[in-house]
Undergrad: 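My questions will all concern the structure given below.
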Amino acid sequence: MTMHPSSIIPSGLPALDADSSAHAQAVSHYLMQQIRASDIDFIPFDTWMDMALYAPGLGYYSAGNTKFGSHLPTGDFTTAPELTPLYGRTLARQVAQVLTESESVTVLEFGAGSGALAAAIIPALRQMGIEPVYQILEVSADLRARQQQGLASLGANISWLTEFPVEFSGCVVANEVLDAMPVTLFRWNDDGELMELGVRLAQASQNHAVAVEAADGTNAPLPSFEFAERRADPALQGLVSQRMPPLPGYQSEINRQAEAWMTQMGSWLKRGAALLMDYGFPQREYYHPQRHEGTLMCHFRHHAHSQPLIYAGLQDITSHVDFTAMADAALSGGLQVLGYTSQARFLINAGLPDLLTQTDAVTNPQTMSAVQKLLSEAEMGELFKVLAVGRGVDQALMGFNRGDRRDRL
Ligand SMILES: C[S@@+](CC[C@H](N)C(=O)[O-])C[C@H]1O[C@@H](n2cnc3c(N)ncnc32)[C@H](O)[C@@H]1O
């Protein structure tokens, strides 16, 4: 196992208040125990990311810490549904077409966050004469409770699932969910061997850890963590080798959980389509030689940085989506790839300009600034993509009428 230098706190990150410090203390202590419980004092990065984001009551998404929204000075990041309800209303047009095609009124949303997307889609479907059966599958109990509270006033038929449906017909939506699934980190070393990255306690913090236990104290210093690596197992070697040649020093990630999720969809999505919105690109771009540090990013109060081992439980950790891998995984689950394009192109095809003329949006500077963010190439319009996969949908989907880029996957 090779050691890497420990992570440092990037300059400019806001200082932690007392509550945040106490929470970081609890999460770090938990992670330290998990590392110590492993035979080799090492946990693979995907396990680390999973716990830092989703450990019940502790992880970033599971402990009341998630701060959606640009309007909050303490917000961490902003998603399209949080920017403006026009995003959800436009998406609803595509959802309505899929519902008609699948002869169903059921929408299944994964990872609904604050509930903003559902709050826009449901009234928009009603305006189109569809009273939806809306289902949400959310891994975070904390966010599920927030969604239940926030959406109650709609008086809609909404239920929360705890597992995949056995059989489903209708429309699946997932906005920025694939990017929040834990990734495996890898690096090609100087000898051309593939290494898997993981996390261990930084040498100095082994002493801190003793102090934490001895005092059973909340004021003990935070344990600190560092990257370490081990030789990749044959399964990981096979997967990475299919995607890129060995490039010494090149580090990146692979989202095996998201791929399994896509493949599994093929077993329960019987008729209809899934609309997957996220930032990312096709595989050729993802593993481009120039992208030699991968795409892993962290978000803390609108500061983006690349240190996932700090502020455990307080910051979002995310990676871009390899849309070629997602499409391949859907195909191997027996689904068809129905469309792939940029967010801007999708929203224009689905009728955002038309919706703008029906509202007072054009005279509202805040809404216009949000729309500009959604469409601008320099903001979300080009980096964000929409991938549609499904089964039993005969008509071309309206969101991909022009500018379908399936040939680039
Ligand atoms: C970046 S947030 C996006 C929230 C919301 N969709 C939005 O766009 O504002 C990621 C969401 O996905 C959820 N999530 C992550 N993995 C999931 C999974 N495998 N199944 C369901 N939800 C998941 C998180 O708990 C969180 O609600």
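The figures that follow rest on heavy atoms only: side chains count, while hydrogens, waters and symmetry mates do not. Atoms within each ligand, like the ligands themselves, are counted from 1 in listed order. The first residue of the sequence shown is numbered 1, and numbering continues consecutively from there.
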Undergrad: By number and element, which atoms of ligand 1 are closer than 4.0 Å to a non-hydrogen atom of Glu176?
TA: 1 (C), 2 (S), 3 (C), 10 (C)
Undergrad: How close does the nearest protein non-hydrogen atom get to atom 23 (C) of ligand 1, and which residue and atom is it?
TA: Val139 CG2, 3.4 Å
Undergrad: Heavy atoms only: which of Gly111, Pro81, Gly59, Gly115 is nearest to atom 6 (N) of ligand 1?
TA: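 It is Gly111 that holds the nearest heavy atom.
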Undergrad: So, taking the atom named CG in Asn255 and the one named CG in Asp322, what distance separates them when rounded to the nearest 0.5 Å?
TA: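 So the gap between those two atoms works out to 9.0 Å.
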Undergrad: Indicate, with yes or no, if the rings of Phe400 and Phe346 have centres closer together than 6.0 Å.
TA: yes
Undergrad: So, Glu138 side chain and Ala112 main chain: donor-acceptor pair closer than 3.5 Å or not?
TA: yes
Undergrad: Under a 3.5 Å cutoff, is there a donor and acceptor pairing between the side chains of Ser20 and Asp17?
TA: yes
Undergrad: Can you tell me how far CD of Glu101 sits from OG of Ser169, rounded to the nearest 0.5 angstrom?
TA: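 Interatomic distance, Ser169 OG to Glu101 CD, rounded to 0.5 Å: 12.5 Å.
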Undergrad: If the cut-off is 4.0 Å to any non-hydrogen atom of Thr79, which atoms of ligand 1 fall inside it?
TA: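 Going through ligand 1 atom by atom, the ones under 4.0 Å from Thr79 are 7 (C), 8 (O), 9 (O).
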Undergrad: When you measure from atom 27 (O) of ligand 1 to every protein heavy atom, which one gives the shortest distance, and what is it?
TA: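 Checked against all protein heavy atoms, atom 27 (O) of ligand 1 sits closest to Glu138 OE1, 2.8 Å.
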Undergrad: Would you check whether Leu117 reaches within less than 4.0 Å of ligand 1, judged by its heavy atoms?
TA: no
Undergrad: Does the side chain of Trp160 come under 3.5 Å of the side chain of Gln147 through a donor N or O and an acceptor N or O?
TA: yes
Undergrad: For ligand 1 and Asn175, I'd like to know whether there is a polar contact (N/O to N/O, distance under 3.5 Å).
TA: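 Between Asn175 and ligand 1, an N or O pair is found under 3.5 Å apart.
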Undergrad: With heavy atoms of Met181 as the reference, note each atom of ligand 1 found under 4.0 Å away.
TA: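 Answer, ordered by atom number: 19 (N).
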Undergrad: Which residue holds the protein heavy atom closest to atom 15 (C) of ligand 1, what is that atom called, and what is the gap in Å?
TA: Tyr54 OH, 3.0 Å
Undergrad: Please state which protein non-hydrogen atom is closest to atom 1 (C) of ligand 1 and give its distance, to 0.1 Å?
TA: Tyr61 OH, 3.1 Å
Undergrad: Which atoms from ligand 1 have a heavy atom of Leu137 less than 4.0 Å away?
TA: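 Checking each atom against Leu137, I get 21 (C), 22 (N).
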Undergrad: For Leu143, counting its heavy atoms only, list the atoms of ligand 1 lying under 4.0 Å from any of them.
TA: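 Under 4.0 Å from Leu143, ligand 1 has these atoms: 25 (O), 26 (C), 27 (O).
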Undergrad: For the residue pair Phe281 and His320, is the inter-centroid distance of their aromatic rings smaller than 6.0 Å?
TA: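 Aromatic pair counts; centres sit under 6.0 Å.
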Undergrad: Examine Tyr250 together with His292 and report whether their ring centres are nearer than 6.0 Å.
TA: no
